[in-house]
Amino acid sequence: GAVVSQHPSWVICKSGTSVKIECRSLDFQATTMFWYRQFPKQSLMLMATSNEGSKATYEQGVEKDKFLINHASLTLSTLTVTSAHPEDSSFYICSAGRGVSYGYTFGSGTRLTVV
Amino acid sequence: KQEVTQIPAALSVPEGENLVLNCSFTDSAIYNLQWFRQDPGKGLTSLLLIQSSQREQTSGRLNASLDKSSGRSTLYIAASQPGDSATYLCAVRLNDYKLSFGAGTTVTVRA
């Protein structure tokens, strides 16, 4: 149990375009999901907390207008990187939890390359 | 602010040797601690979850201990195999449900 599916696994886009990444909890409902960013050989940096039915909470320094998060249902959160630039190239990972006794489950990640 | 440190940053051992990975954190008021494995270019796989009231958790060749008062956790991997080569991350959860991650320990097990 506790499977989180993330798509796409990798995407290449042109500078100035937008890219949407999906995160789904397949066998449980998640009122809260998390989006992380990871640079090469570095640890995960929390970008935002996605709340079902309400606005996302962004960490300090993360641009809300660039990284749009929508959590429209209990099993789906999306991250849209708007007007992407090469510096947005990174590895993005989402996570969700079933409850405090279970810890968090992570998606397989999305490698975004902006050219 | 919670700071999580993992030592060593990298570790290379011959197959069959036991692995000891360390994680320390500055704020002992944690809710739980989770160990993850990450393969290159992949997401995170949860290995063990230790609640704040627990001292250790075991799963197969893996054993993790937690000393909340001293802010330390150790992950032991017995009889290492080449397939254990990966980066191991520890993450602590405070009561605000966010995770704070260490930078990881990259393990190489030589055949």
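So that the names make sense, note that chain A is the first sequence line, chain B the second, and so on, each numbered from 1.
- With values rounded to the nearest 0.5 angstrom, A/Leu76 atom CG is found 10.5 Å from A/Leu26 atom CG.
- Within the 4.5 angstrom heavy-atom criterion, only side-chain atoms of B/Leu89, from C-beta onward, approach chain A.
- Heavy-atom distances place no part of B/Leu33 under 4.5 Å from chain A, backbone and side chain included.
- Ring centers of B/Tyr88 and B/Phe36: at least 6.0 Å apart, outside the cut-off.
- To the nearest 0.5 Å, the span separating CG on A/Leu44 from OH on A/Tyr92 amounts to 12.5 Å.
- Only the side chain of A/Gln38 comes within less than 4.5 Å of a heavy atom in chain B; its backbone stays farther off.
- Between A/Tyr104 and A/Phe34, the ring centre distance stays below 6.0 Å.
- Listed options B/Asn32, B/Leu44, B/Thr106 were ranked by heavy-atom pairs under 4.5 angstrom with chain A; first place goes to B/Leu44.
- Looking at B/Phe101, the atoms closer than 4.5 Å to chain A (heavy atoms on both sides) sit in the backbone and in the side chain alike.
- The hydrophobic cluster containing A/Ile93 does not contain A/Met33, counting ILVMFWY residues as joined when their side-chain heavy atoms lie under 4.5 angstrom apart, directly or transitively.
- Neither the backbone nor the side chain of A/Ser95 has a heavy atom closer than 4.5 Å to any heavy atom of chain B.
- In this structure, the separation between CD1 on B/Ile7 and OG1 on B/Thr105 is 8.5 Å, given to the nearest 0.5 Å.
- The contact between B/Gln38 and chain A is made entirely by side chain atoms (from C-beta outward), counting heavy-atom distances below 4.5 Å.
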